[in-house]
Protein chains: 4
Amino acid sequence: MAREKGWKGKESRERLLAAAIDEFANQGFHKTKVSTIVTRAGLTQPAFYLYFSSKEAIFDEVVNDFHERLRMMMKTIRMEPGIETEDVPKRVLFAVETLFRFLAENPNLTRIGLFQTPEAKKIKEELAFMVVENLRAEQQAGYFHPDLSMEIVAECLVGIVERLTVSQLFSKKSNAESLAAQVVHLLMYGMFAHGSVLREKP
Amino acid sequence: MAREKGWKGKESRERLLAAAIDEFANQGFHKTKVSTIVTRAGLTQPAFYLYFSSKEAIFDEVVNDFHERLRMMMKTIRMEPGIETEDVPKRVLFAVETLFRFLAENPNLTRIGLFQTPEAKKIKEELAFMVVENLRAEQQAGYFHPDLSMEIVAECLVGIVERLTVSQLFSKKSNAESLAAQVVHLLMYGMFAHGSVLREKP
Amino acid sequence: MAREKGWKGKESRERLLAAAIDEFANQGFHKTKVSTIVTRAGLTQPAFYLYFSSKEAIFDEVVNDFHERLRMMMKTIRMEPGIETEDVPKRVLFAVETLFRFLAENPNLTRIGLFQTPEAKKIKEELAFMVVENLRAEQQAGYFHPDLSMEIVAECLVGIVERLTVSQLFSKKSNAESLAAQVVHLLMYGMFAHGSVLREKP
Amino acid sequence: MAREKGWKGKESRERLLAAAIDEFANQGFHKTKVSTIVTRAGLTQPAFYLYFSSKEAIFDEVVNDFHERLRMMMKTIRMEPGIETEDVPKRVLFAVETLFRFLAENPNLTRIGLFQTPEAKKIKEELAFMVVENLRAEQQAGYFHPDLSMEIVAECLVGIVERLTVSQLFSKKSNAESLAAQVVHLLMYGMFAHGSVLREKP
DNA sequence: AATGAATGAGGCTTCATTCAT
DNA sequence: CATGAATGAAGCCTCATTCAT
């Protein structure tokens, strides 16, 4: 047998999830009807409750899965303490780019997990907190301006990422690399014309 | 007559609006029930329909009023072309501060008009567009780094404002003035420690 | 004073009635709203209840007034017994024509009083009964075919009048005189071509 | 399985239709409540919307089905051109009788489809039109009086049928056969006593 | 003679969820 | 593993009618 036992059930579950993600992302939780999800999955309503205990349950599962994956990704971009000072911009750039890429690759999940669920609040705080941690060491090393509140900077970065994800990434006006470069440069050097290194970039 | 004719009706309408704004802001459109709104306004359900044609209608009115006021405020912070170069940071600071203050003073309306309604998309685009217009002249005057995309910078500013409004303003962790100063400094000079003017600020 | 006391009230009452008749006739009882009636009469809802105790009351008044007038008219077209045999067709023609004219002149009232209200049943029975009375004597005098049921004939006439009123009179495709002539001829002589007198008519 | 799949649903749908027809016919559209229909069908309100999209939808379905059947019946009573002249009365009699029988057998549907819905206008026009077509050939063959307007005659017949259906058929005062015979005789030969053939009928 | 403001009552419809098979 | 059929709960909205002035 090419397909083991339980395969069909898993298939159905996946189809339900896929349909639900699409609906939630584009219609929001309330406008999404269980009846639509099951129809799109080629099933009937009772079948839905074979796999999920409620409409809220499937929404939560989608959100939690996404947040889990996001947290994992966040671990990979956390800078170890003791990093070489001159490597900081590079590391920051890598982190931002990776984050952008992750969100761009999961637009529907991002819409749900970052813009619809109240849980988004928490994950954004975590994200901001990680950024703060990453930045604080450099600031204490005199690398960053001492009067800047790293908390505020971190929130700014989160806001920038949120906004650009929607306005540039989802609309494909720009890509993760380009965006990350510009954002990092902006945050590092500011808008003023003097002393920039942007010109030296490829 | 202590109060003119039509006063009572306007009062009721206002109470309905106030209740609706509070409910919409804190429960969202779908969880907000007309029955709750009218109860909070000390009325019965049919009275609601004396003043608004539907639940959607009152939501739209709230949103449109807010957007209208936001647009008016945006006009007042638009920089006239031909501004003195050395005044730019001051003007930008004023603009950002005014914007923050406006949002901080209308938290519920902001929640509705900036984070709940799909119409928010449009007004944010308008906001970003206004910022772009404001910045472009300075960039062409060599004031801002030529390789920076003002569109992206504008979107960043919008994202920053969105995020800080929620995380700092609504939670009263910070106020409009302080936030505006930090944001403008960050965007103007970046995070790096060299050549800052922040220290000279009051 | 050109207008005596109470004039204004009567005026309002008339306007309400006029509006109600038009609405009832064209929308039916249920689709007609008190709010529409008063608006068309240039009044407010409570004013309505100054003159009529309910929506049903005004409807009934309209119906009863019309039926009263219809009954009066029916009296005028009732044939006295002992009429000369050769005058019968003339008298029948007169009766039918008068009836058509009455209905044509009151299209809205007819729509209400003959086609909408359940009371129509009664008045139509009365109408049919009058016709029966009118015809029976002639039948007993051998004037009409003895095997024909005058009850049925009377009902036929009522049905014809109903239908032609709607299809010809209201649409102005034909007028009372022409219709009456054709109907009476048809009923008197039938459709067959032999022995008609229609040709001799003007 | 004693009954095939889908049987129960169809049963419920039929019960809903039956209840609806009865309510509509006797209470009219507006006084008929969905809640009554479902109660009579032994179901709850949401079940109604499993089978019909709205109260209006079920009404329309009832009307359309009836009109469809009526149209089919009308086809069967349409006289082919080239019919033998002496057969005309027989054919007309058959047609009228068939029509009466159809209406008598469907009193509730007739009440709805012929007296309640605005759509009745159309079907009556179609009926009149068919009658006109049937009569015109005979008139041109000299069979019917040349000065009679077949349009008017047709409308008369429609009116007669309408009226007798209500006053005789529904009340069971008379039956289709008897009514048809009298109506046809009346229209063919008129009320006058001379030259009738009614006496020769069984 | 009339109005601004409000309400009681009730109907239609939707949706997540479950029962029985 | 899945379905046909059904329901509980609840929300939106309408309309005739009335209160207080």
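In what follows, chains carry the letters A, B, and so on, assigned in the order in which the sequence lines appear, proteins first and then strands, with residues in each chain numbered from 1. Both backbone and side-chain heavy atoms feed into the values below; hydrogens, waters and symmetry mates do not.
- In this structure, CD1 of C:I37 is placed 10 Å from P of F:dT17, rounded to the nearest angstrom.
- A search for side chain to side chain contact (heavy atoms under 4.5 Å, CB included) contacts involving C:R69 returns C:F102, C:N106, C:L109, not counting sequence neighbours.
- Because its NZ or CZ atom is not both nearer than 6.0 Å to the ring centre of C:F24 and within 45° of the ring axis, C:R111 does not count as a cation-pi partner of that residue.
- Each side-chain hydrogen bond (donor to acceptor under 3.5 Å, both in side chains) pair with one or both residues in residues 29-41 of chain A, not counting sequence neighbours, appears once here: A:D22-A:R40, A:E23-A:R40.
- When the side chain to side chain contact (heavy atoms under 4.5 Å, CB included) test is applied to C:K122, the partners found at least two apart in sequence or on another chain are C:E119, C:E126.
- C:H67 contributes a side-chain N or O that, together with a main-chain N or O of C:G113, makes up a donor-acceptor pair within less than 3.5 Å.
- Under 4.0 Å is where a charged nitrogen must lie from a carboxylate oxygen, and between C:E11 and C:R15 at least one such pair does.
- Over its length, the helix from E:dA2-F:dT21 to E:dT21-F:dA2 turns its helix axis by 40°, as judged from the five terminal pairs at each end, rounded to 10°.
- The distance from atom CD of A:E11 to atom C1' of F:dA2 is 15 Å, rounded to the nearest whole Å.
- Pairs of residues two or more places apart, or lying in two chains, that qualify as side-chain hydrogen bond (donor to acceptor under 3.5 Å, both in side chains) and include a residue from residues 45-62 of chain A are A:R13-A:E61.
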Nucleotides 5-12 of chain E: protein proximity per nucleotide (B base, S sugar-phosphate only, - neither; heavy atom, under 4.0 Å): SBBBB-SS
Worked verdict on B:L43 versus B:F48 for side-chain contact (heavy atoms from CB on, under 4.5 Å): CA-CA 8 Å; B:L43 291 169; B:F48 179 91; over 6 Å; no
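- Note: CD1 (C:I58) to C1' (F:dA16) measures 13 Å, nearest angstrom.
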